[in-house]
Amino acid sequence: MSFTADRLLLFGATGDLSQRMLLPSLAALSADELLRDDLKIVGTARSSLSDNEFRNFAREALEKFLPPDRRGGLADFLNRLSYQQLDATTLDGYADLAAKVGEPKQGLAIFLSTAPSLFGPTIKGLQHAGLTGENVRMCLEKPLGTDLSTSCDINDAVAGAFPEDRIFRIDHYLGKETVQNLLALRFANILFEPIWNCNYIDHVQITVAETVGLEGRVAFYDDAGALRDMVQNHMLQLLALVAMEPPTSFDATAVRDEKVKALRALRRVATGETVTGQYRAGAVNGAAVPGYDEELGKDSDTETFVAIKAHVDNWRWKGVPFYLRTGKRMPERVTEIIVHFRPVPHSIFAGQKKGGGGATMQPNKLVIGIQPEENISLSLMAKVPGLDREGIRLRPVPLDIAMPDAFSGAVRRIAYERLLLDLIEGDQTLFVRRDEVEAQWNWIDAIREEWGSEELKPKTYTAGTWGPSAAIALAERDGVSWHE
Ligand code: BG6
């Protein structure tokens, strides 16, 4: 059913995500007049707060996490907010919550940003209070389980109250501008698609490197690890967007149908195709930082770094490895996708250098920078200027598009702004469908099974480096160097 919600109910309203992302994104949308005037936002959480206390809480969050030039119309935004205290585990408080939400004119969007253990009881409570009707959408924030089976439990519980076309699973990477730009690059240009396959692409690298460590999320992170925290969701979504076949339109079903096919084509990872690591004390950005075990206060076998050589088993990607790596406490924060093309079949410049050798050729490389900078760069071979008495010399030069320069007037938005607006308006294209989540878990579970049977323990790496040396070897065995 198509409607623009005029009520938004935020579970976990006093939590970290709400402070850092949700309230700032909603305030920014409100300031830009992108929310309907009558949209009311009800926050709920365990703490007991009055409406005014919640508004003060929100004001403080915005002062901390929203740039001053995006805080226009703050009073109007704060006026949209109200709050209802709730113990989500018992049915008692849900009637009061429903009363606070009131009767929407068109519809209600619910955002669950709580511990997954609360998803089941929350759905029951919402059903009990009549908050799951046809004009209600449900948005779920990760983690959606810890493996396929627990993810199915969550999805079953939600499916008991909401059909799939009213369930919105967030992967905030899909809200990032350059991630969507990947689709524009591939499918709005004639240049790339004809060569986007194993005949012309040698391999693909996807790196998501972070400089941060545990950030106080001790219990959550130690139970999750890099594979489940980053690869299962964000990195596999990036991989799916690179690997998928062209959808027939930019529509939720068409795009997700193609992504899920790519995810299902992922080959089970073999022994020796993954490397895990855990950081030890070192220095990041010139500042000394403690090791993971020190931050945690105990020994642990949780990986804070993982590198994987993946394969997509279909005609398009036959024999093209996808090298994935992600880690905490890396030397810099960078998310990028690198597409390495094959060398030219024959070099006409081979005989050029007097005395032998010839001009050196390097294969073309497409670098899609997602963060911190949004830019797309294609390295092309060019002739070095000169009279070439010693023979023609060639060098790779980048053809660069810095997105912020190309679109200088455009506002840089938080990924959640786009996703929250899509939720309110009911567009599922950038949300993850159940079959995608399950294909992702299927592949991840097999990796964890492999690690279990090999009793693999993470290798240590010094904070501020690119992970254990074995990760470098994983690529170099194939003659590939990680892009740095
Ligand atoms: C989250 C992970 O999903 O993504 C965090 O749980 C990680 O561990 C974060 O830091 C990274 O997001 P971004 O947008 O900063 O790259």
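Sequential numbering from 1 along the given sequence is applied to the chain's residues. Here the structure is a predicted model, which means the values were calculated and not measured. Every number for a ligand or one of its atoms is a count from 1 in the order of the listing.
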One thing to verify: whether D427 and R418 come together as a salt bridge, which I'm taking to mean a side-chain N less than 4.0 angstrom from a carboxylate O.
no
Quick one: does any side-chain atom of R20 pair with a main-chain N or O of D16 as donor and acceptor, under 3.5 Å?
no
R80-S30 side chain donor-acceptor pair, cut-off 3.5 Å
yes
Within 4.0 Å of some non-hydrogen atom of D229, the atoms of ligand 1 are 2 (C), 5 (C), 6 (O), 8 (O)
Aromatic ring centroids of H483 and H340 under 6.0 Å?
no
Quick one: which ligand 1 atoms are inside 4.0 Å of a heavy atom on R217?
2 (C), 5 (C), 6 (O), 8 (O)
Does the plane of the ring in Y461 sit parallel, tilted or perpendicular to the ring in Y279? Use 30° and 60° as the thresholds.
perpendicular
re atom 16 (O) of ligand 1, the protein heavy-atom contact at minimum distance is Y173 OH, 2.5 Å
Nearest-contact summary for atom 15 (O) of ligand 1 - protein heavy atom, Å:
R333 NH2, 3.3 Å
Taking only heavy atoms of K176, which atoms of ligand 1 are found under 4.0 Å from at least one of them?
13 (P), 14 (O), 16 (O)
So which heavy atom in the protein is nearest atom 12 (O) of ligand 1, and how far is it from that ligand atom?
H172 NE2, 3.2 Å
Which of these, Q232, K328, E210, H234, has its nearest heavy atom closest to atom 11 (C) of ligand 1?
E210
I need the atoms of ligand 1 closer than 4.0 Å to a non-hydrogen atom of K142, numbered in the order shown.
1 (C), 2 (C), 3 (O), 6 (O)
Which of the ligand 1 atoms, numbered from 1, are nearer than 4.0 Å to a heavy atom of M230:
2 (C), 4 (O), 7 (C)
